[in-house]
Protein chains: 2
Amino acid sequence: MSSIRSTKSTIRDIASHAGVGAGTVSRVLNNHPHVSDSTRAKVLKAIEELNYRPSFSARQMRTGKSQVIGFITDEIASTQFAVNIIKGAQAVAWDYGKLVLVVNSDGNRAIEYEAIEMMLERGVDGIIYASMFHRQAQLPDSIHEVPAVLIDCFLPDRSLPSVVPDEFGAAHEATEILIRKGHRRIGLINLGGEAKPAIEGRLAGYTAAMQAHGLYDPDLIVHGGDEGAGRHGYASAMKLMKLTERPTAIFCAQDRIAAQAYRALHELGIAIPNEVAVMGFDNHIDVATTLSPLLSTMALPHLEMGQWAVEYLLSGAGEPLEPVQVKLPCPYIERQSI
Amino acid sequence: MSSIRSTKSTIRDIASHAGVGAGTVSRVLNNHPHVSDSTRAKVLKAIEELNYRPSFSARQMRTGKSQVIGFITDEIASTQFAVNIIKGAQAVAWDYGKLVLVVNSDGNRAIEYEAIEMMLERGVDGIIYASMFHRQAQLPDSIHEVPAVLIDCFLPDRSLPSVVPDEFGAAHEATEILIRKGHRRIGLINLGGEAKPAIEGRLAGYTAAMQAHGLYDPDLIVHGGDEGAGRHGYASAMKLMKLTERPTAIFCAQDRIAAQAYRALHELGIAIPNEVAVMGFDNHIDVATTLSPLLSTMALPHLEMGQWAVEYLLSGAGEPLEPVQVKLPCPYIERQSI
DNA sequence: GCCTGGACTGGAATCGTTTCCATGTCATCG
DNA sequence: CGATGACATGGAAACGATTCCAGTCCAGGC
């Protein structure tokens with residue numbers, strides 16, 4: 001059918017083909033008022049016939065808006081399930097008619113700085129910076145030249161709006177859920193590594209809930225190692241099970257830790273959830289659903305954070321963004337381990 | 001320090017500040033010859049002082065190159081580990097000084113068509129279309145208006161270059177590896193669903209290897225169901241183990257299937273790998289490494305496909321791309337299950 | 001001393017839109 | 001019936017770069 005047009009047509013081609021002025025074509029294109037129906041029809045017909053496609057770069061040059069937002073992330077693939085942040089961000093941007101420029105820095109700060117520079121040169125309408133785990137971020141001053149929102153991280157001076165998971169609330173709720181199920185001795189195997197806010201928030205949430213019910217006992221808390229991938233979960237679970245008054249539930253601050261805890265419990269011949277209940281954290285789908293029994297866990301609101309960030313970036317009708325600091329709830333995903 | 005400049009400076013501001021013509025500034029910016037060192041120095045100084053940043057949209061309008069490539073994918077998050085395709089693509093684009101516009105269609109064809117349209121309007125230098133599982137794709141004619149490369153899929157008429165995993169070769173090698181280890185009775189639990197080339201390729205590779213060694217027996221093959229997430233793996237493994245002459249190795253055409261097979265073998269009290277070896281497929285990290293023993297598997301070359309696609313798109317110095325059909329090898333990842 | 005050609009430079013034209021201003025038309029109102 | 005707006009429209013200017021053309025300068029060859 002419509003053969004590939006070799007030479008692009010411009011708004012003036014449309015104008016002369018339709019027998020009108022260039023300004024009129026532009027008015028039709030942008031749905032401006034004060035265009036008669038007959039003229040509009042002629043223009044639309046010409047657009048159709050010449051297979052016209054407007055040039056965004058020309059439009060951007062004139063209006064200053066690129067209809068593109070930049071998305072920078074430090075480690076897109078190290079914790080793969082977090083791609084939902086991108087997915088959510090892109091989906092909302094799409095609803096606003098905007099496209100997303102993505103760059104993955106692999107944690108290399110020089111790349112992040114250069115990426116921001118490149119995005120600025122391209123005149124993006126805004127920038128989202130997403131960390132793949134909850135931490136404090138460090139960004140160049142130039143980030144302030146354009147609206148920007150942070151995901152899963154925050155600036156030392158809080159000068160940029162940010163959205164992070166409510167670590168404290170989630171850990172508190174997880175613990176409460178276990179308590180409500182009748183558990184009194186609840187162990188915590190915490191994270192290791194550099195995700196400070198997550199480590200501290202989850203610990204604090206757990207502690208608060210335990211103390212509120214007079215169940216707190218420091219022996220029940222095992223602090224994580226740095227081995228990554230939750231590998232210390234095995235030894236930690238073993239340690240917990242050796243306690244004289246051993247826990248009837250374990251709250252693992254990460255699904256991967258839970259996977260290793262499962263392994264320990266299996267070896268000890270302890271049944272999940274009958275003898276010991278296990279609560280995870282992250283809703284790391286591939287882990288939670290290959291475990292048997294399926295792991296109950298607190299879900300990190302990745303998708304929602306991505307959505308929130310873009311929504312906030314774009315909904316403000318141009319005026320500077322308030323640097324609000326938002327915490328999103330982490331829903332409880334009930335499966336079989338509790 | 002350097003205060004945020006409120007009003008952008010243009011190339012003409014630089015020109016007058018440096019006391020030269022606009023053309024000269026442009027020549028400096030683009031490293032053209034025939035600029036004296038002293039002039040160059042003056043211009044560079046002015047750029048520095050005015051904190052000048054060139055406008056890509058103006059540049060694009062004049063040159064026609066956007067320095068951006070489009071990346072469309074059908075289901076970025078359904079099989080999360082495949083984000084490596086994006087990661088690889090973006091990394092190579094970065095090396096070429098280009099940024100990547102990403103849109104996730106969620107399998108919605110209307111979105112894909114519109115995404116291509118939007119990318120064309122923005123004048124992308126090329127488009128990558130990536131499927132998250134190996135299949136035949138369907139794209140609008142307009143895709144031919146710009147250089148394009150397909151990942152993990154192909155067009156019915158093969159009119160676009162594509163890069164896919166070598167399913168046959170990988171399955172063949174996997175089977176050979178098991179045979180070399182001394183196995184004679186090797187079961188195959190194949191995929192279900194709509195990933196035709198993967199299903200057929202893996203079956204053919206297995207079959208060829210078995211036949212070449214005179215080991216082929218149709219009873220050893222279990223065809224997958226549609227339940228998804230490899231859930232049929234449990235029943236399939238059970239079935240295989242009930243064979244009178246039961247297999248000493250199982251080749252699972254997907255790591256998730258292997259996870260379910262593990263469950264069946266555990267229940268039957270069959271030790272992996274001593275009594276039965278298990279080979280996976282996909283190198284679905286989170287699955288393969290939470291299983292115990294760790295799963296040996298064939299890795300899908302996601303990162304490499306992403307890299308190859310962009311490399312091929314960008315390396316051709318402008319002339320139309322040959323529609324080559326490339327198959328990338330799937331490396332064997334040795335762990336503990338064989 | 002004149003001519004030639006190369007190096008360097010300034011400035012106009014151009015890319016494809018949007019926006020603003022000026023003009024023309026027509027119905028309405030006093 | 002002339003003045004007044006509201007509406008419709010054409011066309012020029014502007015956005016910020018690149019590129020081409022023409023002009024200046026200077027060294028070297030005759």
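Chain naming here is simple, since letters A, B, ... match the order of the sequence lines and numbering starts at 1 in each. Reckoned from all heavy atoms, side chains included, excluding hydrogens, waters and symmetry mates. Note that the structure is predicted; figures quoted are calculated from it, not measured.
Here Y312(A) pairs with W308(A) under the ring-ring contact (aromatic ring centres under 6.0 Å, His included) rule; sequence neighbours left out. For the side-chain hydrogen bond (donor to acceptor under 3.5 Å, both in side chains) test, residues two or more places apart in sequence or in another chain that qualify with S57(A) are S55(A). S159(B) is linked by a side chain to side chain contact (heavy atoms under 4.5 Å, CB included) to H144(B), L155(B), D157(B), counting only residues two or more places apart in sequence or in another chain. The side chain to side chain contact (heavy atoms under 4.5 Å, CB included) check on S162(A) picks up L150(A), F154(A), V164(A), Q325(A), with sequence neighbours excluded. E112(A) meets the side-chain hydrogen bond (donor to acceptor under 3.5 Å, both in side chains) test with S105(A), Y129(A); sequence neighbours excluded.
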Derivation of the side-chain hydrogen bond (donor to acceptor under 3.5 Å, both in side chains) call for T63(B) and R59(B): CA-CA 6 Å; T63(B) 64; R59(B) 183 173 294 181; over 6 Å; no
Audit row: Y96(A), Q67(A), side-chain hydrogen bond (donor to acceptor under 3.5 Å, both in side chains) steps and yes/no: CA-CA 9 Å; Y96(A) 276 88; Q67(A) 306 291 54; over 6 Å; no
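Annotation: salt bridge (charged side-chain N to carboxylate O under 4.0 Å, His left out) contacts involving residues 89-103 of chain A, sequence neighbours excluded, comprise K98(A)-D125(A). Within the structure, no pair that satisfies the salt bridge (charged side-chain N to carboxylate O under 4.0 Å, His left out) test touches residues 15-41 of chain A, not counting sequence neighbours.
The stretch residues 11-18 of chain A touches DNA chain C through I11(A), R12(A), each having a heavy atom under 4.0 angstrom from the strand. Within residues 28-43 of chain B, the residues approaching DNA chain D are N30(B), H32(B), by heavy-atom distance under 4.0 Å.
Rounded to a whole Å, the CD atom of Q60(B) is 13 Å from the C1' atom of dG16(D).
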Pairs under 3.5 Å (N/O, protein and nucleotides 24-27 of chain D):
none

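The 12-atom threshold is exceeded at CD of Q136(B), counting heavy atoms of other residues, nucleotides or ligands nearer than 6.0 Å.
At least one side-chain heavy atom of Q90(B) sits under 4.5 Å from a side-chain heavy atom of W94(B). A heavy-atom distance below 4.5 Å is found between the side chains of F133(A) and E194(A).
Note on K87(A) versus D106(B): salt bridge recorded, some NZ/NE/NH1/NH2 to OD/OE distance being below 4.0 Å. Taking a cutoff of 4.0 Å between a charged side-chain nitrogen and a carboxylate oxygen, R109(A) and E114(A) do not qualify as a salt bridge.
Once you apply a 4.0 Å limit to the heavy atoms of chain A, the touched nucleotides of DNA chain C run 5' to 3' over dG16(C) to dC20(C).
Using a 4.0 Å heavy-atom criterion, one finds that V25(B) contacts no nucleic acid atom at all. Residue contacts for G19(A): at a heavy-atom cut-off of 4.0 Å it reaches the sugar-phosphate backbone alone, with no base atom in range. If you check every strand for non-hydrogen atoms under 4.0 Å, S26(A) touches a base.
Direction change of the helix axis from one end of the helix from dG1(C)-dC30(D) to dG30(C)-dC1(D) to the other is 60°, with five pairs defining each end axis (rounded to 10°).
When the nearest nucleotides of DNA chain C are assigned to A58(A) and A22(B) by heavy-atom distance, the more 5′-ward of the two goes with A22(B).
A side chain to side chain contact (heavy atoms under 4.5 Å, CB included) with I128(A) holds for exactly one of V100(A), V310(A), V102(A); it is V310(A).
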